[in-house]
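Have a look at the structure below before the remarks.
Chain letters run A, B, ... following the sequence lines, proteins first and then strands; every chain starts at 1. Basis for what follows: all heavy atoms, side chains included, without hydrogens, waters or symmetry-related copies.
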2 protein chains.
Amino acid sequence: MSIISHSQTNSEENYLKVIYHLGNEGKTKISPTSISEALNNNPASVVDMLKKLVDKKLIQYEKSKGVRLTGKGMKIALLIVRRHRLWEVFLLEKLEYSWDEVHEIAEQLEHVHNPELADRLDKFLGFPQYDPHGDPIPTASGEMADIHKTILSEVAEGKACQVVGVKDTSSSFLQYLKKLDIGIGTKITLVEKIPFDGSVIISIKSGGKTTVSKMFADNLLVAPPSLPQGEEHLHYSPRKIK
Amino acid sequence: MSIISHSQTNSEENYLKVIYHLGNEGKTKISPTSISEALNNNPASVVDMLKKLVDKKLIQYEKSKGVRLTGKGMKIALLIVRRHRLWEVFLLEKLEYSWDEVHEIAEQLEHVHNPELADRLDKFLGFPQYDPHGDPIPTASGEMADIHKTILSEVAEGKACQVVGVKDTSSSFLQYLKKLDIGIGTKITLVEKIPFDGSVIISIKSGGKTTVSKMFADNLLVAPPSLPQGEEHLHYSPRKIK
DNA sequence: TTATTTTATTAGGCAAGGCTAATTTATATA
DNA sequence: TATATAAATTAGCCTTGCCTAATAAAATAA
Ligand SMILES: [Mn+2]
Ligand SMILES: [Mn+2]
Ligand SMILES: [Mn+2]
Ligand SMILES: [Mn+2]
């Protein structure tokens, strides 16, 4: 009997992934409503599925007391995340898609089932540690590099930092970043914080000075300036977003 | 309105592909029963689906008179075939899967939807013309290189030829080929045909002499010896099967 | 050309994964 | 604490894609 005894449907995989992400990497209990919001479906549908996942021993779930992954569920969730992020790297590095296009395609590719596929892809890509959005890629055994990242709004005035990822992965945000010529690896200096509304004036290495909103600064993940510029824990060398 | 106005379900795509393959590249009318055999399901299920495909104007179908692709259906079928074969090349060339492993994974990958994906993959792979089984890959505009191939059993005694593909793609056949060290590009000389049962004695360039059954010889596609050894229309250089 | 066999179609159901509306539990508020 | 609100659950339906059994139509054989 292998670790993943019988394989999951796409829908089940999507539930496990969402439970993993919402429950901060699967540790915390979460509610049906939050799941339904993430999956853009109905709480009633969620409750249906939760029962199935309990039967398969992939989650713990007591009525009105929240949901959490079991060990077995966690392993599968990590595998899906691994596949998703590896495919994202492939799409960006090999097929030259841009930062904001890869996620949607990876949503489909992550559900392709084959016991060796993730590992072969991993090898082919040179064992990347981070995906194009700066998120760590779980290893075959389910470990994840931890990443030292803060949000831009917590960087002190006058300090430099380097972009390592985004919190919000919506394409509107990613496209805005593209417009500002900000990508993974971009060096940014936080010039000034405006107390009035939390806006932040930044200086972008390649471009010039710009002002961005608090919402923007809350969603841009950067290597904290105390660390040696983040280069070390980046698989990707600095590059533009296409 | 694009060529493919609303995208198909996996199941619909599989039906279109089967109708394409069984009806010799979509030209001939075929029966519900033959479709059900290919899809390993029930004729009644096939009739259900045929109605849906008629509604979507993807096939022509009159009760008890057989099924044929419309122009629209043909375009989609060719796209699925294109995706399938491109992914097979990727899996073999880049992820180092073997000849007999790629088909099953490509069955899943062919259903990943993204308008640019096939073309980007095509470019990344260097615009291959043939898939690992020697079948031609339709171009973005739906053209296919035609391939001059015969079955081994039609090669004349004493003539040399080169393997370009297989008719039967079952893994039992592919594994047998692997065992005999025969792959795309392998040079074979037909030494003798046994009249009794159609068995064929062949000499394999790399290995020695072997006898294979008529069934074997009927399923191995080779470039006919009159052609300049087939190298020209092969994207792949001769190689072993892993 | 009639009888038999094979193939195709229809009728009626089922499981998965959704939905809406109704109901029950929890939580928050007065 | 009693009440109002919000969240969770259940009940009852729907669509997709499949199935079996019954029926109709074609093809074949007598
Ligand atoms: Mn993603
Ligand atoms: Mn997904
Ligand atoms: Mn194939
Ligand atoms: Mn398929």
Side-chain angles (χ1 to χ4, degrees), chain A residues 4-19 22-23 28-69 73 76-77 80 107-108 110-113, chain B residues 4-19 22-23 28-69 73 76-77 80 107-108 110-113:
Chain A
I4 298 161
S5 40
H6 49 79
S7 98
Q8 276 48 59
T9 64
N10 285 16
S11 185
E12 285 167 343
E13 290 187 348
N14 285 333
Y15 275 89
L16 293 177
K17 201 174 57 151
V18 159
I19 295 166
L22 292 180
T28 313
K29 286 191 172 178
I30 58 167
S31 69
T33 306
S34 62
I35 297 173
S36 76
E37 276 158 7
L39 290 173
N40 226 295
N41 69 0
N42 197 291
S45 312
V46 172
V47 173
D48 281 350
M49 179 60 90
L50 293 182
K51 288 170 185 163
K52 291 174 200 165
L53 294 176
V54 166
D55 289 347
K56 293 192 169 189
K57 302 200 197 310
L58 299 174
I59 59 168
Q60 290 178 285
Y61 165 56
E62 285 176 282
K63 273 190 194 174
S64 298
K65 288 196 173 171
V67 184
R68 172 210 308 260
L69 295 172
I76 296 172
I80 317 285
E107 282 295 306
Q108 300 174 65
E110 73 188 14
H111 301 296
V112 172
H113 289 234
Chain B
I4 298 161
S5 39
H6 49 81
S7 98
Q8 276 50 57
T9 64
N10 286 15
S11 185
E12 286 167 343
E13 290 186 349
N14 285 334
Y15 275 89
L16 293 176
K17 202 175 56 153
V18 159
I19 295 167
L22 291 180
T28 313
K29 286 191 173 177
I30 57 167
S31 69
T33 306
S34 62
I35 297 173
S36 75
E37 275 158 9
L39 289 174
N40 225 295
N41 69 1
N42 197 291
S45 311
V46 172
V47 173
D48 280 350
M49 180 59 90
L50 293 181
K51 288 170 185 163
K52 291 174 201 164
L53 294 175
V54 166
D55 288 347
K56 293 191 169 189
K57 302 200 197 310
L58 298 174
I59 60 168
Q60 290 178 288
Y61 165 56
E62 285 177 282
K63 274 190 196 175
S64 298
K65 289 198 171 169
V67 185
R68 173 209 308 260
L69 295 172
I76 297 172
I80 318 284
E107 282 296 305
Q108 300 174 64
E110 72 188 12
H111 302 295
V112 172
H113 289 237

Tabulate protein N/O versus nucleotide N/O from nucleotides 9-14 of chain C, keeping only pairs under 3.5 Å, one per line.
{"from": "C:dT9", "atom 1": "OP1", "to": "B:Y61", "atom 2": "OH", "distance (Å)": "2.7"}
{"from": "C:dT9", "atom 1": "OP1", "to": "B:S64", "atom 2": "N", "distance (Å)": "2.7"}
{"from": "C:dT9", "atom 1": "OP2", "to": "B:Y61", "atom 2": "OH", "distance (Å)": "2.8"}
{"from": "C:dT10", "atom 1": "OP1", "to": "B:K63", "atom 2": "NZ", "distance (Å)": "2.7"}
{"from": "C:dT10", "atom 1": "OP2", "to": "B:K51", "atom 2": "NZ", "distance (Å)": "2.8"}

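Atom NE2 of B:H111 and atom P of D:dT16 are 18 Å apart (whole Å). Here the P atom of nucleotide C:dA16 and the CD atom of A:E13 are 16 Å apart, to the nearest Å. In this structure, CE of A:M49 is placed 10 Å from P of C:dA16, rounded to the nearest angstrom. For A:L39 and C:dG17, the CG to P distance is 12 Å, given to the nearest whole Å. Following rounding to the nearest Å, A:L53 (CG) and C:dA16 (P) show an atom-to-atom distance of 12 Å. Between B:D55 atom CG and D:dT15 atom C1' there is a gap of 14 Å when expressed in whole angstrom units. Between the CD atom of B:E12 and the C1' atom of D:dT15 there is a distance of 12 Å, given to the nearest Å. What separates CD1 of A:I35 from C1' of D:dA7 is a distance of 13 Å, to the nearest Å.
To the nearest 0.5 Å, atom CG of residue B:L53 and atom CD1 of residue B:I59 are 4.5 Å apart.
For B:K52, the side-chain atoms get nearest to D:dT16 when compared with the rest of D:dC19, D:dT16, C:dG17.
Looking at heavy-atom distances under 4.0 Å, B:S45 makes contact with a base.
No side-chain heavy atom of A:Q108 sits less than 4.5 Å from a side-chain heavy atom of A:N10. For the pair A:L16/A:L58, a side-chain contact is recorded, criterion being any heavy-atom separation below 4.5 Å from C-beta on. The shortest side-chain heavy-atom distance between B:L50 and B:I35 falls under the 4.5 Å cut-off. Proximity of A:Y15 to A:T9: side-chain heavy atoms (C-beta onward) are nowhere separated by under 4.5 Å.
In terms of position on DNA chain C, the residue among A:N41 and B:S34 whose nearest nucleotide sits closer to the 5' end is B:S34.
Dashed line: the shortest gap from a side-chain N or O of A:T9 to OP1 or OP2 of C:dG17 is under 4.0 Å. For the pair A:S11 and C:dA16, the criterion of a side-chain N or O lying under 4.0 Å from OP1 or OP2 is not met. Between A:Y15 and C:dA16 there is no side-chain polar atom (N or O) within less than 4.0 angstrom of OP1 or OP2.
Residues passing the side chain to side chain donor-acceptor pair (under 3.5 Å) test with B:E13 are B:R83, B:H111, B:H113, sequence neighbours excluded.
Residue pairs satisfying the side chain to side chain donor-acceptor pair (under 3.5 Å) criterion with at least one member in residues 46-56 of chain A, sequence neighbours excluded, are listed as follows: A:E12-A:K56.
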